[in-house]
2 protein chains.
Amino acid sequence: MSSPTQYSESELRAEGVRITRQRLAILHVLREANDHPRAEDILARARLQDQSVSQATVYRTLAVLEKAGTVLRNEFDGTGARFELADRTHHDHLIDLDTGAVIEFHSARIERLQAEIAAELGYDIEWHRLELYGRKTPD
Amino acid sequence: MSSPTQYSESELRAEGVRITRQRLAILHVLREANDHPRAEDILARARLQDQSVSQATVYRTLAVLEKAGTVLRNEFDGTGARFELADRTHHDHLIDLDTGAVIEFHSARIERLQAEIAAELGYDIEWHRLELYGRKTPD
DNA sequence: CTAGGTGCAAACTCTTTGCAGCTGA
DNA sequence: TCAGCTGCAAAGAGTTTGCACCTAG
């Protein structure tokens, strides 16, 4: 059983995830990224470090890391998944409609309200997704 | 320029949307549905009323109705869009992880908090997506 | 040594599009 | 009438998979 949020090689190995050259390259890309890259971007960047990485391996590795709790999958725009390391505390996303920039934020109050609403409906929340889409306020 | 939330034939016609046999069938399906159907489901149900409806027309009509503000597109599970008529007030979704059921809810407090958070980050929200994924609380 | 990982290319799913004929207003 | 809509089939984008070879542990 995997505990949440493993991202060091040794933790992953302890989970039975074999650490290969390709997986190291992909982990490296995720650690360096601060832009929620797509599979395609991850492939391109991983290849800078290790030419041999293939598309199939990127997808398979992302699936493995997602299951291990190392990686989070986002579907901001409906056109392809975007990934991030699950190495910080939980946060939601604000997407800038003009630039595509993704800003992370966290609100304990919203989280609390979500739990309250779910409780009123007779549910326990397992996870949630909150995305705000907006534009910079004019000065 | 389309005003939000048109869903009667006359309103749509006034927007320049031609009302065809196929579009009537699709609108009928959307009015009867209470389960956020996929394009595939909409096609199957529309064909019960009008055999001639094609997949291409379903997708094209959904795009037209979405632009007219008649239809909302959801991407709950990453595997294909799910649609609903935009005929009620804004709401968010709670997805039952065991049954797949989609429960609609609305919280003015959460909406307000979202606007506050965006304002703090210097943004005006255009739209947002909030989905809660959970299971029924055991008795 | 060998269970599991890999590259390649083909397959798959969902959605969009080009085209020639049809039809609502 | 005729701009816009339609069905069909092919194309696209993003992702997954079968297979034979490779490699971490």
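In what follows, chains carry the letters A, B, and so on, assigned in the order in which the sequence lines appear, proteins first and then strands, with residues in each chain numbered from 1.
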Problem - Sugar-phosphate only, base, or nothing, as touched by A:R38 at under 4.0 Å among non-hydrogen atoms - result: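 Here A:R38 touches no strand at all.
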Practice task
With heavy atoms under 4.0 Å as the rule, sort B:A81 into base, sugar-phosphate or nothing.
Solution key: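 Sugar-phosphate contact only.
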Whole Å only: how far is the [atom1] atom of [X] from the [atom2] atom of [N]?
X	N	atom1	atom2	value
B:R21	D:dG4	CZ	C1'	15 Å
A:E40	D:dT15	CD	C1'	12 Å
A:Q22	D:dC22	CD	C1'	10 Å
A:Y59	C:dA11	OH	P	19 Å
B:E15	D:dG4	CD	C1'	16 Å
A:L62	D:dT16	CG	P	9 Å
B:D41	C:dT15	CG	P	11 Å
A:L43	D:dA13	CG	C1'	15 Å

Ignoring hydrogens and angles, are the base of [N] and the side chain of [X] linked by a donor-acceptor pair under 3.5 Å?
X	N	answer
B:R13	C:dG24	no
B:R60	C:dG18	yes
B:R23	C:dG24	no

Between [X] and [Y], does at least one N-O distance fall below 4.0 Å, as a salt bridge requires?
X	Y	answer
B:D124	A:R135	no
B:R31	B:E84	no
B:R129	B:E75	no
A:R45	A:D35	yes

Handout entry: 5'-most by nearest nucleotide on DNA chain D - A:G80 or A:I19
Key =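 Its nucleotide being nearer the 5' end, the pick is A:G80.
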Problem - Ring-ring centroid check A:H93 B:H128, cutoff 6.0 Å - result: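 Ring-ring flag for A:H93/B:H128: false, centres at least 6.0 Å apart.
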Where the side chain of [X] is concerned, which of [options] is the nearest nucleotide?
X	options	answer
A:T61	D:dT6, C:dT6, C:dT17	C:dT6
B:R18	D:dC5, D:dT6, C:dA3	D:dC5
B:T20	D:dA24, D:dC19, D:dT6	D:dT6

Exercise for the section: Indicate whether OP1 or OP2 belonging to C:dT6 is found under 4.0 Å from a side-chain N or O atom of A:S52. Expected result: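 No.
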Practice task
Compare side-chain N and O positions of A:T79 against OP1 and OP2 of D:dG14 and report whether any pair is under 4.0 Å apart.
Solution key: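 Yes.
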